[in-house]
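Presented below is the structure to which this report refers.
Nothing fancy with the numbering, it's 1 onward along the sequence. Quantities reported herein were computed from a predicted structural model and do not represent experimental measurements.
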Amino acid sequence: MDDFVFQNPTRIYFGKSHEAELGRIASQYGSRMLLHFGGQSAERSGLLPLIRKELAAAGLTCFELGGVQPNPRLSLVYRGIELCRQNNIELVLAVGGGSVIDSAKAIAAGAPYSGDVWDFYTGKAVPEKALPVGTVLTIPAAGSESSPGSVITKEEGLLKRAVNADCLFPRFSILNPARCFTLPPAQIANGVTDIMCHLMERYFTNSRPVEFTDRLIEATLRTVIAAAPRVLANPASYDDWAELMWAGTIAHNNLLDTGRKGDWASHDIEHELSALYDIAHGAGLAIVTPAWMKYVLKHDLARFAQYAVRVWGVEDNYFDPERIARAGIARLEAFWSSVGQKVRLSEIGIDDSRFAEMARKCTDDDTQTVGHFVPLRSRDIEAIYRLAL
Ligand code: NZQ
Ligand code: ZN
């Protein structure tokens, strides 16, 4: 097991009762806040009206910035930074999914920074302080509600880049599984896919031995695989959403990284797809991840076979680990297809015309490799896009 330091500072308020406490919770951080949200979903569901009421009842002054799009854009982040500076904002409150939360984190880091917030996403600067961020999560998926990460798209050059910093952990997150009842099937599938990928990115590691965290990851994957068809069949199933929502947070709050180094190539390869074609992160992962698996399989057949047996129940065969490993990948693809994902680029109308460009962007013109399990260069990434066709 690798040495590690683990601390996740986000206070989680889980269940049906905590939305009513939002005014009290938020007022611990000040009296002036920016309420940040996406399109219409939180308005339509009644969540935003409820939040406005709670904040007003607690005597808090609330400025609003809506309109965050999936694959959140840098231009809106700049507007949020200006709003924070002009109005002495003390807390950025994100109501929505990963896109809204990531945009809130960017605003929170950008407001006290004298340079361009994009510096944090290019690695030119490291965020050392940020305004406090709180979240009210409406979709289990990205895990941003208790992660130190933020992913933003710069429109100019279509660059989608991530930053990780301790000051970006939300101070608190309110998770009410009942808020997921309004999710359309495609978003459910995207969320389920992303959660599974956060688990699998961590599973495929060269660190040894990591039996305890292997078992935790396998259990979390199996929980998600069981709950997903149930929420698709019955979107108002509170108990199944509760399993999925908590699994989604645990999948990405760094607990399952302890003592091991994950891979993360599939995420980087996917971010190029979302940046160029504006597809949902989960939809892109359902296509990239199986292709990545097929490409790196032989690096550690035993690990892929273990994954197939323990997660998917493939029958073990000591003499033919490659067949077992490939059966695990086939089960993964079949599962994602069963929840409504496409698993090939050609199914979503993407051809090979920009593979070289995406592979170059992903490796910064081959100045860096991508992934830790198997470090990849641009020619490897192009081959993975081809396998995904
Ligand atoms: O905009 P509205 O109308 O609110 O609709 C949203 C949006 O269209 C809708 N939605 C959310 N909650 C809903 C709902 N619709 C009905 N009922 C509800 N309860 O869902 C759509 C997608 O929302 P989005 O926030 O984009 O989804 P997700 O949570 O999957 O976030 C994706 C973003 O997170 C990034 C991704 O790259 C992507 O940009 N990630 C962030 C990470 C992090 N910060 O740690 C890690 C992840 O790996 C990921 O990269
Ligand atoms: Zn993800």
Side-chain angles (χ1 to χ4, degrees), residues 4 6-19 21-22 25 38 42 47 92-105 132-151 162 164-183 187-203 212-213 215-228 230-231 237-258 260 262 264 267 281-282 285:
F4 67 88
F6 173 69
Q7 182 181 20
N8 187 301
T10 305
R11 184 181 287 261
I12 303 288
Y13 294 86
F14 194 94
K16 300 168 191 150
S17 58
H18 299 295
E19 284 163 4
E21 297 173 65
L22 181 59
I25 297 166
L47 177 60
V92 184
L93 182 62
V95 179
S99 296
V100 177
I101 299 171
D102 286 359
S103 182
K105 289 176 178 176
V133 171
T135 90
V136 180
L137 184 67
T138 61
I139 171 171
S144 189
E145 68 277 7
S146 78
S147 87
S150 163
V151 190
N164 280 279
D166 282 355
C167 63
L168 298 181
F169 277 108
R171 302 296 175 91
F172 67 87
S173 285
I174 297 182
L175 277 58
N176 177 359
R179 291 294 166 195
C180 306
F181 294 176
T182 53
L183 279 164
Q187 294 302 347
I188 297 177
N190 288 339
V192 163
T193 305
D194 196 16
I195 294 170
M196 291 174 68
C197 287
H198 294 161
L199 294 161
M200 294 185 295
E201 294 276 22
R202 291 175 165 91
Y203 196 78
F212 174 56
T213 40
R215 295 287 186 182
L216 291 177
I217 295 172
E218 291 155 7
T220 316
L221 274 167
R222 291 177 69 124
T223 304
V224 173
I225 292 163
R230 295 204 291 260
V231 297
S237 171
Y238 180 91
D239 292 336
D240 291 313
W241 275 118
E243 303 284 356
L244 210 49
M245 206 171 203
W246 189 221
T249 299
I250 296 295
H252 203 47
N253 78 346
N254 292 349
L255 171 69
L256 303 180
D257 283 322
T258 47
R260 58 197 296 146
W264 298 103
H267 262 69
H281 174 58
L285 285 171

Identify the heavy atoms of [X] and [Y] that sit nearest to each other, and give their distance.
X	Y	answer
Asn164	Gly149	OD1-CA, 3.3 Å
Ala142	Gly98	CB-CA, 3.8 Å
Lys105	Ser150	CB-CB, 4.0 Å
Glu145	Pro170	O-CG, 3.3 Å
His252	Trp264	CE1-CH2, 3.6 Å
Val224	Ala247	CG2-CB, 3.8 Å

Nearest 0.5 Å, what's the [atom1]-[atom2] distance between [X] and [Y]?
X	Y	atom1	atom2	value
Ile12	Thr135	CD1	OG1	7.0 Å
Phe4	Thr213	CZ	OG1	8.5 Å
Asn8	Ile250	CG	CD1	8.5 Å
Asn190	Leu285	CG	CG	9.0 Å
Leu244	Leu183	CG	CG	9.5 Å
Trp241	Leu175	CH2	CG	12.5 Å

So which pairs with a foot in residues 8-19 pass salt bridge (Lys or Arg N to Asp or Glu O under 4.0 Å), sequence neighbours left out?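 As it turns out, the salt bridge (Lys or Arg N to Asp or Glu O under 4.0 Å) pairs with a partner in residues 8-19, which skip direct neighbours, are Glu19-Arg179.
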
Under 4.5 Å between any side-chain heavy atoms of [X] and [Y], yes or no?
X	Y	value
Ile174	Ile25	yes
Asp102	Ser144	yes
Ile225	Met196	yes
Val95	Val100	no
Ser237	Glu243	no
Tyr238	Cys180	no
Leu137	Ile101	yes
Phe169	Asn253	no

Determine the sole option in His198, Arg260, Glu218 for which the side-chain hydrogen bond (donor to acceptor under 3.5 Å, both in side chains) test with Tyr203 is passed.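 Considering His198, Arg260, Glu218, a side-chain hydrogen bond (donor to acceptor under 3.5 Å, both in side chains) with Tyr203 is found only for Glu218.
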
Show, in sequence, the C-alpha distance, side-chain angles and deciding distance for His267 and Asp194, and conclude whether the side-chain contact (heavy atoms from CB on, under 4.5 Å) test is met. CA-CA 9 Å; His267 262 69; Asp194 196 16; 3.5 Å; yes

Checking Ser146 now: which residues fulfil side-chain hydrogen bond (donor to acceptor under 3.5 Å, both in side chains) with it, not counting sequence neighbours?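 With neighbours one apart ignored, the set is empty.
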
Any sub-3.5 Å donor-acceptor pair from Thr220's side-chain atoms to Leu216's backbone N or O?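 Judged by distance alone, yes, a pair lies under 3.5 Å.
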
Counting only heavy atoms from other residues, nucleotides and ligands, does the tally under 6.0 Å from CZ of Phe181 exceed 12? yes

